[in-house]
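Below is one structure, written out as C-alpha cells; comments come after it.
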2 protein chains.
Amino acid sequence: MAKGRPHVFLSARGDLLPRWLEAFPAAIGARIGDRVEADVVPSAAWVRLADEPVAATLEKARRQVGAAVPCIVLADHPNDEEALVAFAAAARGYCNTHAAPELLSRIADVVAQGGLWIGESLMQRLLRATSHLPSPPLSPANPPWESGLTARERQVALAVAAGAANKEIARQFDITERTVKAHVSALLGKLGVRDRLQLALVVNGQRSR
Amino acid sequence: MAKGRPHVFLSARGDLLPRWLEAFPAAIGARIGDRVEADVVPSAAWVRLADEPVAATLEKARRQVGAAVPCIVLADHPNDEEALVAFAAAARGYCNTHAAPELLSRIADVVAQGGLWIGESLMQRLLRATSHLPSPPLSPANPPWESGLTARERQVALAVAAGAANKEIARQFDITERTVKAHVSALLGKLGVRDRLQLALVVNGQRSR
DNA sequence: TGCCGCCTTGTACTTCGGTACAGTTCTCCG
DNA sequence: CGGAGAACTGTACCGAAGTACAAGGCGGCA
C-alpha cells in the first residue's frame with residue numbers, strides 16, 4: 001500500500017486468492033512454489049499456512065519473494081504455539097486467514113513501519129511468561145547473573161538451572177563430575193548463594209542475589 | 001481518532017504537551033495528577049514517563065482516566081526492561097516520547113484495534129525468552145502442580161520452590177526435619193520428579209512434569 | 001465402631017552435593 | 001620468560017537430601 005509497492009499473497013492452495021485479491025485489488029496472488037513475476041519488490045508477503053510446518057512454508061515463501069520482504073503468516077486456525085514458531089522463523093506478523101480486510105491493512109501498516117503484529121492472546125501469554133520471570137532481572141540496577149562468569153561457568157549454570165545433576169552435566173560436556181563440582185562451587189561463590197537450587201532460582205530470574 | 005473520541009496526553013512535566021497537541025489537535029493534554037475534565041471517555045491515554053517507576057506512573061494515570069482506557073507509555077529513553085515492566089502493569093503500548101506523529105497515530109490504531117504495540121527489540125527478546133521456556137507450561141492441557149496435593153504438601157512445595165532447606169522449612173512450620181523429608185518425598189513421587197530442584201522448576205513453572 | 005487418609009515422627013541407610021587441599025596443562029599477556 | 005587465570009582432575013571428608021521400614025494420633029465417614 002504505502003509507497004505503491006504491491007503485496008503478495010502466497011498460498012499452497014489457490015482457493016482463497018480470489019477473495020484476497022478482491023480485498024486488495026493492487027496485490028499479487030500466487031501459489032507457494034509458483035514463480036512470482038515480480039518487476040518490483042513487494043512491500044510484504046502474506047503467507048497462508050497449509051499442512052506443512054510453519055518454518056518450511058516460510059522458507060519456501062522467502063525463496064519466492066526474497067529474504068528482504070517481510071512475511072506475515074496467515075493461519076486458518078491460529079494458535080499461540082504456531083505463532084511462536086512463525087516468529088522464531090522471522091515472520092513479521094501472524095493473524096487469522098479470515099481477518100477483516102481493514103485489519104489486514106492495519107497489520108500491513110504496522111509491519112511496514114518496522115513493527116511486529118502478534119495476536120492479543122499470544123501477547124498475554126508472553127506477558128504472563130515475563131511476569132513469572134525475574135522481577136529483579138527486570139530491574140536495571142541488578143547486574144545480570146552472567147556477569148563475571150567464565151564461559152564454562154555460564155554453561156554449567158544453565159545446565160544446573162535446567163535441573164541437571166552433576167553426573168549428567170559431566171556427560172553433557174564430556175568432563176569429570178569432579179570438574180562439574182568445581183564449576184558449581186565457583187558459581188555458588190560468585191553468585192553468593194548457598195546451593196544449586198538457589199543458583200537455579202537466580203539463573204531463572206526467580207531470585208535476586 | 002477513531003470514533004471521534006479524543007486522546008489524552010499525560011505527563012509529569014508540562015513541557016511536551018504543546019508539541020503533542022500540535023500533532024494531535026483533537027487531543028487533551030494534562031499533567032499527571034491534574035484533574036482531567038472528561039465529558040467523554042478518551043480512546044487512549046498516552047503516559048509519559050518521568051523519574052518515577054513505570055508502574056506508579058501508570059497507576060496514577062489510570063486513576064485519572066479510568067481503568068478501562070488503554071494506556072500507551074511514552075519513554076524518553078526507551079529500554080526493554082522498562083517496557084516489560086510497563087506491559088506487566090497492563091500498558092497497551094510502549095514507544096519513544098519523540099516518535100513521529102504518524103507513528104503515534106499508527107500505534108493508536110493498533111491499540112484501538114485491540115493489539116499491543118511493542119518495539120521490535122523487545123519482541124526479539126520476548127521470543128528468545130519464550131523459546132527458552134518450557135513448551136509444556138504453555139500448553140493449557142498441562143495440569144497445575146497443585147492438583148492432588150494435600151494442604152501441607154502445597155505449603156512445603158512452595159517453601160522448597162523458594163529455595164529453603166529442609167531444616168528451614170521445619171522451623172518455618174514448627175515440625176521435624178524428618179517430617180519435612182516425608183512431605184518432600186511425597187511431593188517428588190506425586191509430581192514425578194527426581195529431586196527438590198526439579199520440584200522447584202515445576203512449581204515455578206519452568207518445567208513440565 | 002472401624003476404616004481411611006493426613007500429619008506426624010523415629011531409626012537406619014544410601015546417594016548426592018559441596019568443600020578442602022593439591023596438582024597439571026594451556027593460553028594470553030607484559 | 002614468567003606470571004595469571006581458566007579449565008581440568010584427584011582424594012578425602014562432611015553434611016544435606018532422599019529412601020526404606022515402621023508406627024502413633026487425629027478427624028471424617030459409613
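Sequence lines set the chain letters: A, B, ... in the order given, protein chains first and strands last, and positions in each chain run from 1. Note that these values count all heavy atoms, side chains included, but never hydrogens, waters or copies made by symmetry. The structure displayed is predicted, hence computed values, not measured ones.
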Between B:Ile175 and A:Lys181, which is nearer to the 5' end of DNA chain C once each is assigned its nearest nucleotide?
B:Ile175
What integer distance in Å separates [X]:[atom1] from [N]:[atom2]?
| X | N | atom1 | atom2 | answer |
| --- | --- | --- | --- | --- |
| A:Glu153 | C:dG18 | CD | P | 15 Å |
| A:Arg194 | D:dC14 | CZ | C1' | 16 Å |
| A:Lys190 | C:dT19 | NZ | P | 14 Å |
| A:Glu177 | D:dT11 | CD | P | 13 Å |
| B:Asn166 | C:dG17 | CG | P | 15 Å |
| A:Leu197 | D:dG15 | CG | C1' | 17 Å |
| B:Lys167 | D:dA17 | NZ | P | 8 Å |
| A:Arg154 | D:dA6 | CZ | P | 11 Å |

Polar contact flag, side-chain donor to acceptor under 3.5 angstrom, A:Arg196-A:Asn166
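A pair is found: one side chain offers a donor N or O, the other an acceptor, under 3.5 Å apart.
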Taking only side-chain N and O atoms of [X], does any of them lie within less than 4.0 angstrom of OP1 or OP2 on [N]?
| X | N | value |
| --- | --- | --- |
| A:His183 | D:dA6 | no |
| A:Arg152 | D:dA6 | no |
| A:Thr179 | D:dT9 | yes |

Identify whether any heavy atom of [X] sits under 4.0 Å from a base atom; if not, whether one sits that close to sugar-phosphate; answer base, sugar-phosphate or nothing.
| X | result |
| --- | --- |
| B:Ser185 | base |
| B:Ala165 | sugar-phosphate |
| B:Thr150 | sugar-phosphate |
| B:Thr176 | sugar-phosphate |

Which atoms form the tightest heavy-atom contact between [X] and [Y], and what is the distance?
| X | Y | value |
| --- | --- | --- |
| A:Cys71 | A:Leu58 | CB-CD2, 3.6 Å |
| A:His7 | A:Trp46 | ND1-NE1, 2.8 Å |
| A:Gly163 | B:Leu197 | CA-CD2, 3.9 Å |

Report yes if the side chains of A:Val180 and A:Glu168 come closer than 4.5 Å at any heavy-atom pair, otherwise no.
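Heavy-atom side-chain distance check fails, nothing below 4.5 Å.
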Is there a donor N/O on one and an acceptor N/O on the other, under 3.5 Å, for the side chain of B:Arg178 and the base of C:dG10?
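When only heavy-atom distances are counted, B:Arg178 does reach the base of C:dG10 through a donor-acceptor pair under 3.5 Å.
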Given D:dA7, D:dT9, C:dT8, identify the nucleotide with an atom nearest to the side chain of B:Ala182.
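The closest nucleotide is C:dT8.
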